Amino acid sequence: MTVIDCSEYSAHLLGLTTRLPRVPRQDLYGFLDAAHEAAADLPEDLGAALDDFNAGGNNAGYLLLRGLPVEHDDDLPDTPTSTPAPVDRPLQRMEAMLGIVGRRLGLHTGYRELRSGSVYHDVYPSPGAHHLSSETSETLLEFHTEMAYHVLQPNYVMLACSRADHERKAATLVSSIRRALPLIPDEVRSHLYERPMPCCVDVAFRGGVEDPGAIANVRPFYGDPQDPLLGYDRELLAPREPADVEAVSVLSKALDEVTESVRLTPGDMVIIDNFRTTHARTPFSPRWDGKDRWLHRVYIRTDRGGQLSGGERAGDVVDFSPRR
């Protein structure tokens, strides 16, 4: 199962949102604790689908929830133009859904160097944004496993849509290693498995240095050799050895062949398995009229892959530690 129509649960879900504090950023820990309680009362079928996805993922590498409760466009404020969001901004329905669904899966996490350490991110177009930033719009945001270079890489990237782009052209692209693996020859799989390769990091994690070079090492395949996890970034992974360059090229072609396109509309949420996929975003044309595309993003850690050591809470902010 990849797509779940939640419209039949709309009244139930809307009721759950009313149990949450109305100004989440004033006490984010308290807000996420309340979301955890609400998550236990999700509709049974929806909760079971989330639990199944959390336990073993799926072949597509993502789960798309459609028909979640969302405000009418006229009831939304203008699309943001700055970050982080004001502490006193009232809760929006898609933020509430990210809280509840995210707490069913794991722990919301902020990254200190990214977006001022905020846990909830507004994703919106920004003129002159760096080409590696989610705030780009008119260029392709290239395929990447989110923070593949970070020891505390999130398990899930969750994107929820309050407002689509005007022409509804923007698409989130997802490529799953489970679908790409059969296209990769055995000898290339073996080469990529547990093979550390130099990797640069996103601007936010460079400590103010314009180009610190490849300060991390990322293994393209790791974990179970028959069902490997994926570490991949088309812009930042920087293999040096010719055999590594060739193997990554084969991997890239395989990932391209299995790409799926997800166009988010208001009331949609996509949950991306960040250990088994790479994702991108196609270009779109903003109008700068206060009604441009507006997504909300959170990162979720779980007890897999060394992400948690014990005692963590939803809402924690973690420091950067590069993979070696």
Side-chain angles (χ1 to χ4, degrees), residues 4-51 53-54 62-80 83-110 115 118-124 154 156-164 172 264-272 293-302 313-317:
I4 301 175
D5 183 356
C6 299
S7 55
E8 66 179 294
Y9 311 130
S10 182
H12 184 121
L13 296 172
L14 197 55
L16 292 181
T17 70
T18 66
R19 293 163 49 178
L20 306 184
R22 307 322 296 165
V23 187
R25 292 167 181 82
Q26 286 184 343
D27 177 11
L28 191 61
Y29 281 124
F31 172 80
L32 293 173
D33 285 346
H36 189 227
E37 293 180 6
D41 294 331
L42 282 167
E44 185 175 352
D45 289 349
L46 176 57
L50 291 169
D51 294 344
F53 183 70
N54 202 15
Y62 70 91
L63 197 62
L64 176 62
L65 310 186
R66 305 214 107 132
L68 296 170
V70 62
E71 295 87 352
H72 188 278
D73 192 74
D74 291 340
D75 295 327
L76 287 169
D78 283 355
T79 297
T83 191
V87 172
D88 61 354
R89 191 174 83 188
L91 178 67
Q92 294 175 23
R93 290 176 180 174
M94 293 308 287
E95 291 178 322
M97 287 291 95
L98 282 175
I100 295 169
V101 174
R103 287 300 282 119
R104 185 79 179 214
L105 298 170
L107 302 181
H108 296 65
T109 301
R115 302 288 188 100
S118 55
V119 172
Y120 270 85
H121 299 170
D122 292 313
V123 180
Y124 53 85
Y156 299 113
V157 179
M158 299 178 63
L159 298 169
C161 181
S162 280
R163 180 176 282 142
T172 300
L264 297 175
T265 59
D268 288 352
M269 176 193 298
V270 63
I271 306 165
I272 298 171
R293 188 177 193 247
W294 185 6
L295 306 184
H296 313 273
R297 179 178 65 196
V298 296
Y299 298 126
I300 303 294
R301 287 187 297 154
T302 70
R313 293 183 66 186
D316 283 347
V317 178

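Residues: numbered from 1 along the sequence shown. As the structure is a prediction and not an experimental result, all values here were calculated from the model.
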Rounded to the nearest 0.5 Å, how far apart are CG of D268 and CE of M97?
-> 13.5 Å

Do the ring planes of Y120 and H108 sit parallel (below 30°), tilted (30 to 60°) or perpendicular (above 60°)?
-> parallel

Flag the pair P154 / T109 as yes when at least one side-chain heavy-atom distance between them is below 4.5 Å, and no otherwise.
-> no

Between the CD1 atom in I272 and the CG atom in L63, the distance rounded to the nearest 0.5 Å is 11.0 Å

Say you draw a straight line from CE of M94 to CG of L159; how long is it, rounded to the nearest 0.5 Å?
-> 10.0 Å

Can you sort out the partners of D73 under salt bridge (charged side-chain N to carboxylate O under 4.0 Å, His left out), two or more places apart, ordered by chain and number?
-> R163, K291

Going by the side chain to side chain donor-acceptor pair (under 3.5 Å) test, name the single residue among R297, R115, H296 that passes it with H121.
-> R297

If every non-hydrogen atom of A160 is compared with every non-hydrogen atom of L98, which pair is closest and at what distance?
-> CB-CG, 3.7 Å

Among T79, D78, D122, find the residue that satisfies the side chain to side chain donor-acceptor pair (under 3.5 Å) test when tested with W294.
-> D122

Find the distance between OG1 (T18) and CG (L20) and round it off to the nearest 0.5 Å.
-> 7.5 Å

Taking C-beta and beyond as the side chain, do P21 and Q26 meet within less than 4.5 Å on heavy atoms?
-> no

Is there side-chain contact between Y124 and T83, with at least one heavy-atom pair below 4.5 Å?
-> yes

To the nearest 0.5 Å, how far apart are CG in L91 and CZ in F31?
-> 5.0 Å

What pair of heavy atoms forms the shortest contact from V119 to V298, and how long is it?
-> O-CG1, 3.8 Å

Answer whether the closest heavy-atom distance between the side chains of L32 and R313 falls below 4.5 Å.
-> no

So, are D5 and R66 salt-bridged, with charged N and O less than 4.0 Å apart?
-> no

L68 side chain reached by Y9 side chain, heavy atoms, under 4.5 Å = no

Within the side chain of T17, is there an N or O that forms a donor-acceptor pair under 3.5 Å with the backbone of L14?
-> yes

With a 4.5 Å limit on heavy-atom distance, are the side chains of L50 and I271 in contact?
-> yes

Can you list every salt bridge (Lys or Arg N to Asp or Glu O under 4.0 Å) pair that touches residues 92-102, not counting sequence neighbours?
-> R25-E95, R89-E95

Is the backbone of A39 close enough, under 3.5 Å, to the side chain of R104 for a donor and an acceptor to pair up by distance?
-> yes

According to the salt bridge (Lys or Arg N to Asp or Glu O under 4.0 Å) rule, which pairs have a member within residues 38-47, sequence neighbours left out?
-> R19-D41

Could you check if a side-chain atom of I100 sits within less than 4.5 angstrom of a side-chain atom of L13, using non-hydrogen atoms only?
-> no

Distance in Å, D316 CG paired with L107 CG, rounded so as to fall on 0.5 Å steps | 7.5 Å

